[in-house]
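Notes follow the structure.
Source: prediction; values computed, not measured.
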Amino acid sequence: MTGHRDGTGVLAPADGAAGARARSGDTLALTLMLFYLLSTLTLALMAVVTAELQRKFSLSASQVGLLTSVFMFAYGAVGIPAGAGAARWGGRVFIVSCALFVAGSVVFGLSSSYSGFLTGRVLQGLGGGMVLPVSSPIMARYLAPGARNRGWGIFATGKGLGALASLVLMPTVATLGGFRAVYLVTAVIALVIGGAAIAQKPVRALPVQATEVLSFRALSRTLGAVAVNRGVLLLGLFNAASLAVGTGVLIWTPAFLQGTYGSRASVAAYLTAGLAVAQVIGAPTGAVSAIRWGRMPVITGSMIAMSVVTILVAALPGRVFVFVMVALVGFFSLAYFSPRFAMIPDVVAKPEQVGTAAGLINLVGFGISTLAPWLFGLVLDHELGYFAGYLVLAAFGIAGAVGSIFFKVPRR
């Protein structure tokens, strides 16, 4: 492979190979995007199977919410170990991720007990939480600096496409074979995507530093430094706001449409799919807006707008208004995906802290947002109504907007 090392040690393409490298870079980003799609698809499955689980197993709303919360907790908790594993074994960590996706889907699909459902969701969450920490160093190492914005743009669309696949395709599977078919089909999809990823040479390649001994002391110092970094922690809060609101609306809106407007489960899922479509649009729009107006205005403005439209989901009458507000939630929740992750190098002291900081941001984000689906279910169990539930979700966005007041990028 021809090329030269740029200032960061990343292989940049030689002029004669630029076109081929661009195409291969797009292929790599697309493959990694499929893994991100899979992680979002598995997260969103509860929106499809909730009604059947409550009918067959008499699960309470808080129990259903907890099935999403444990997924999110596992997703966040595995980020730092996955990033450390990727530093040693590169994209081969995806083999473990794929195995966890398959095992979790099979366990959930074949279970008839709540403990089995919880176990399946934890395994799926561990598999999903590995995707971003493993994909990030692969793209940083393989893509030339000028191609990374394009690569991350392709990658980010996986979030919306995964939710869209779950809400549009899986209701048909659920109608034909119930929740068991939904999760077993997910296991097959995970096998296919895993095979496609491992087929890519950049994914199989070991990092340059793989032969070096990773110092536990050095890793501890790096983690300690980012753990007390106010900028990193606030980015984690911004991440939590997006995850809490976006996931909470995605998981509970189908139930809201069924309970309030009498929509069929499949119709409710299709109406909620507007959120996923808007996310696909929101990711590149937010990136372009950050270039024009700056990252923090986009981050803060998105969190405020996201909170307002979340409250309006249950405040305005009619399914059309619900569809529009849910779509806007999806748009604003992903509009500041690129700005918040692009901000990481600006707030850490050393380049080697970027990966650990990204893992910690995911940990903080998912750790806090884990509460959102469960709290929404708890509100319903206490018969406070869906409007109160959406207020709880909006509070996460408001907290993020308040936190942005204290965010400052240090001068280097």
So OG1 of T42 and CG of L123: to nearest 0.5 Å the spacing works out to 11.5 Å
With F108, the ring-ring contact (aromatic ring centres under 6.0 Å, His included) member among Y114, F101, F71, F117: F117
Can you check whether L43 reaches M72 side chain to side chain, under 4.5 Å on heavy atoms? yes
Criterion side-chain contact (heavy atoms from CB on, under 4.5 Å) on T300 and I405, from CA distance to verdict: CA-CA 9 Å; T300 304; I405 298 173; over 6 Å; no
Within the side chain of N229, is there an N or O that forms a donor-acceptor pair under 3.5 Å with the backbone of V347? yes
Residues L250, M46; criterion side-chain contact (heavy atoms from CB on, under 4.5 Å); working and verdict: CA-CA 9 Å; L250 176 68; M46 291 309 302; over 6 Å; no
Student check: side-chain heavy atoms of I138 and Q200 closer than 4.5 Å: no
Please work out whether the ring planes of F337 and Y36 are parallel, tilted or perpendicular, with thresholds of 30° and 60°. tilted
R180 (side chain) donor-acceptor with A174 (main chain) under 3.5 angstrom: no
Just wondering, do F396 and L375 contact through their side chains at under 4.5 Å, heavy atoms? yes
From M306 CE over to I304 CD1, what is the distance, rounded to the nearest 0.5 angstrom? 10.0 Å
What pair of heavy atoms forms the shortest contact from L243 to G365, and how long is it? CD1-C, 3.8 Å
Hey, could you give me the OG/CE distance between S242 and M303, rounded to the nearest 0.5 Å? 9.5 Å
Looking at every heavy atom in both M33 and I154, which two are closest together, and how far apart are they? CG-O, 3.1 Å
For the residue pair L41 and A165, what are the closest heavy atoms and their distance? CD1-CB, 3.8 Å
Flag, side chain of S135 to backbone of L132, donor-acceptor distance under 3.5 Å: no
Within-4.5 Å side-chain heavy-atom neighbours: I299 and P339: yes
Plane angle bin for F35 and F94 - parallel if under 30°, tilted between 30 and 60°, otherwise perpendicular: parallel
Main-chain N/O of V70 paired with R121 side-chain donor or acceptor, under 3.5 Å: no
Greater than 12 external heavy atoms within 6.0 Å of F321's CZ: no
Are any non-hydrogen side-chain atoms of S97 and V93 less than 4.5 angstrom apart? no
Donor-acceptor pair, distance only, cut-off 3.5 Å: does the side chain of S263 make one with the backbone of A268? no
Between S166 and G162, is there a donor-acceptor pair closer than 3.5 Å when you use the side chain of the first and the backbone of the second? no
Closest non-hydrogen contact found for A187 with V106 is CB-CG2, 3.9 Å
Main-chain N/O of A394 paired with T310 side-chain donor or acceptor, under 3.5 Å: no
Look up atom CG in L233 and atom CG in L360, then write down how far apart they are to the nearest 0.5 Å. 6.0 Å
Donor-acceptor check, side chain of R204 to backbone of I198, threshold 3.5 angstrom: yes or no? yes
Residue pair L164 / V280, side-chain heavy-atom distance below 4.5 Å: no
Would you say S105 and T186 are linked by a side-chain donor-acceptor pair, where the criterion is simply a distance under 3.5 Å? no
Side chains of T247 and F366 in contact at under 4.5 Å (non-hydrogen atoms): no
Would you name the heavy atoms of I361 and N239 that are closest together and state the gap between them? O-ND2, 3.4 Å
Pick from Y386, F376, F387: which one makes a ring-ring contact (aromatic ring centres under 6.0 Å, His included) with W252? F376
L32 CG to T27 OG1 distance, which is reported to the nearest 0.5 Å: 11.0 Å
Main-chain N/O of S62 paired with D381 side-chain donor or acceptor, under 3.5 Å: yes
Going from CD1 on I281 to OG1 on T157, what distance comes out if it is rounded to the nearest 0.5 angstrom? 12.0 Å
Mind listing the closest non-hydrogen atom pair of L393 and G248 along with its distance? CD1-C, 3.6 Å
Applying side-chain contact (heavy atoms from CB on, under 4.5 Å) to L312 and V324, what does each step give before you reach the verdict? CA-CA 10 Å; L312 295 178; V324 172; over 6 Å; no
Taking Q63 for the side chain and S60 for the main chain, is one N or O donor matched with an acceptor at less than 3.5 Å? yes
Y336 ring center near F238 ring center (under 6.0 Å): no
Are Y390 and T253 linked by a side-chain donor-acceptor pair shorter than 3.5 Å? yes
side-chain contact (heavy atoms from CB on, under 4.5 Å) between L237 and V364, worked out: CA-CA 7 Å; L237 177 63; V364 173; 5.5 Å; no
